[in-house]
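What follows is a single structure, written as structure tokens, with notes after it.
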Amino acid sequence: SLRFLLGQLEKTEAERSLRVQPTPHEDLSEHTPVFGQLQEAIQQCQLCHFVYKDKPRIVQPYRLLHKNGVWYLAAAEAEVLKIFSISQLQDLRIGTERFTHNPAQLERIKEADDIWFTTQTTEVLLRVSPEVAHYFERRQLLPQQTQHRDADESLVVRTHINHPTQLLPVGRFWMPHVRILSPQHLHEDLVRSL
């Protein structure tokens, strides 16, 4: 609870009963000015101009998002909601042009449990061995993850992904305890990547 956490902050380190391990994260210290400019552009609804992956972009900025130690800009480019890694933005310029935030885009960002904003998802089924099933039960490791125990005590996990990179690294990490049941081509991609 918030009360508990505030109480911990008031204690000396020797008196604290807990220690939170920091999550590894990228060093954005050299991007501090860019971060500030983006915050201002989001608040003032100003268009942003920058180069990303060698391509000039003009976007409507919506939110700064933090996922797995990396900061991203959620922005609409030609009405399509996309993410841009802050550390990869080049030549940022905040335009004088203004826009109005689309409530539907804001809702998509708010409701998303990941940073991928494509509208088409692929349903994936996995079988997780009983030896590691509790790791998948204790917290969500995949987007929109649901699961149930099978008769053999293995875990059948259902997820919806927008891109294979949301799934394949998890599959590689947990091998040989995880098998992709469907779609078959993702299992083949996993095996091929090994």
Side-chain angles (χ1 to χ4, degrees), residues 23 25-26 38 41-42 45 47-90 92 99-128 132-133 135-150 154-175 177-194:
T23 303
H25 62 279
E26 67 180 331
L38 291 171
I42 291 167
C45 297
L47 292 181
C48 293
H49 305 256
F50 53 82
V51 175
Y52 192 81
K53 296 186 177 178
D54 298 323
K55 181 180 173 187
R57 312 285 183 135
I58 301 173
V59 303
Q60 299 172 336
Y62 277 83
R63 292 287 182 268
L64 292 167
L65 305 173
H66 186 261
K67 176 76 174 179
N68 296 332
V70 179
W71 280 100
Y72 299 93
L73 170 67
E77 181 179 40
E79 302 298 319
V80 177
L81 192 59
K82 299 180 178 181
I83 58 160
F84 302 92
S85 172
I86 301 297
S87 63
Q88 302 299 310
L89 297 180
Q90 298 175 336
L92 174 65
F99 69 97
T100 302
H101 281 136
N102 179 336
Q105 300 283 43
L106 287 169
E107 190 62 25
R108 278 185 67 201
I109 294 167
K110 179 182 173 188
E111 296 299 320
D113 64 352
D114 207 344
I115 57 171
W116 297 86
F117 295 117
T118 59
T119 54
Q120 293 183 330
T121 64
T122 301
E123 183 177 84
V124 178
L125 286 178
L126 306 159
R127 181 169 304 280
V128 180
V132 300
Y135 292 108
F136 284 77
E137 290 175 318
R138 72 178 180 185
R139 70 180 177 100
Q140 189 170 330
L141 296 175
L142 295 163
Q144 301 176 36
Q145 175 181 322
T146 59
Q147 69 267 336
H148 69 273
R149 288 280 182 159
D150 216 348
S154 66
L155 195 66
V156 177
V157 175
R158 181 182 312 273
T159 181
H160 290 83
I161 62 168
N162 298 309
H163 195 276
T165 57
Q166 292 176 283
L167 173 71
L168 297 180
V170 174
R172 280 191 293 275
F173 182 85
W174 289 103
M175 284 189 92
H177 299 286
V178 170
R179 177 170 176 80
I180 301 171
L181 301 176
S182 70
Q184 183 63 32
H185 74 87
L186 285 175
H187 176 72
E188 292 164 3
D189 290 348
L190 177 63
V191 171
R192 197 172 23 259
S193 74
L194 295 173

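Everything numeric in this text was worked out from a predicted model, so none of it was measured.
Donor-acceptor pairing under 3.5 Å is recorded for the side chains of Q145 and Q147. For the residue pair R149 and S154, no side-chain donor N or O sits within less than 3.5 Å of a side-chain acceptor on the partner. Looking at T159 and Q144, their side chains never bring a donor and an acceptor atom within 3.5 Å of each other.
The CD1 atom of I86 sits 8.0 Å away from the CZ atom of F50 when rounded to the nearest 0.5 Å. Going from atom CG of D189 over to atom CG of L167 covers 9.5 Å, rounded to the nearest 0.5 Å. With values rounded to the nearest 0.5 angstrom, H66 atom NE2 is found 5.5 Å from W71 atom CH2.
Residues Q120 and N162 approach most closely at O-OD1, 3.5 Å, considering heavy atoms. Nearest heavy-atom pair across L65 and A74 is CD1-CB, 3.8 Å. Listed here is the closest heavy atom pair of P164 and P169: O-CD, 4.2 Å.
When atom types are taken as modelled, the side chain of Q166 and the backbone of H163 share a donor-acceptor pair closer than 3.5 angstrom. Listed for the H101 side chain is a donor-acceptor partner under 3.5 Å among the backbone atoms of P61. Looking only at distances, a side-chain donor or acceptor of Y52 sits under 3.5 Å from a matching main-chain atom of S85. Y62 contributes a side-chain N or O that, together with a main-chain N or O of N102, makes up a donor-acceptor pair within less than 3.5 Å.
Listed by chain and number, the residues in a side chain to side chain contact (heavy atoms under 4.5 Å, CB included) with I58 are L47, H49 (sequence neighbours excluded). When the side chain to side chain contact (heavy atoms under 4.5 Å, CB included) test is applied to V178, the partners found at least two apart in sequence or on another chain are L126, V128, F136, W174. With sequence neighbours left out, the salt bridge (charged side-chain N to carboxylate O under 4.0 Å, His left out) criterion links E188 to no other residue. The side chain to side chain contact (heavy atoms under 4.5 Å, CB included) test applied to E77 returns R57, V59, K82, F84, not counting sequence neighbours. With sequence neighbours excluded, the residues that form a side chain to side chain contact (heavy atoms under 4.5 Å, CB included) with H187 are R179, I180, Q184, V191. With sequence neighbours left out, R158 forms a salt bridge (charged side-chain N to carboxylate O under 4.0 Å, His left out) with E123.
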Requested in this report: Apply the test side-chain contact (heavy atoms from CB on, under 4.5 Å) to residues L194 and M175: give CA-CA distance (whole Å), side-chain angles for both, the deciding distance (0.1 Å), then the verdict.
Outcome: CA-CA 10 Å; L194 295 173; M175 284 189 92; 3.4 Å; yes
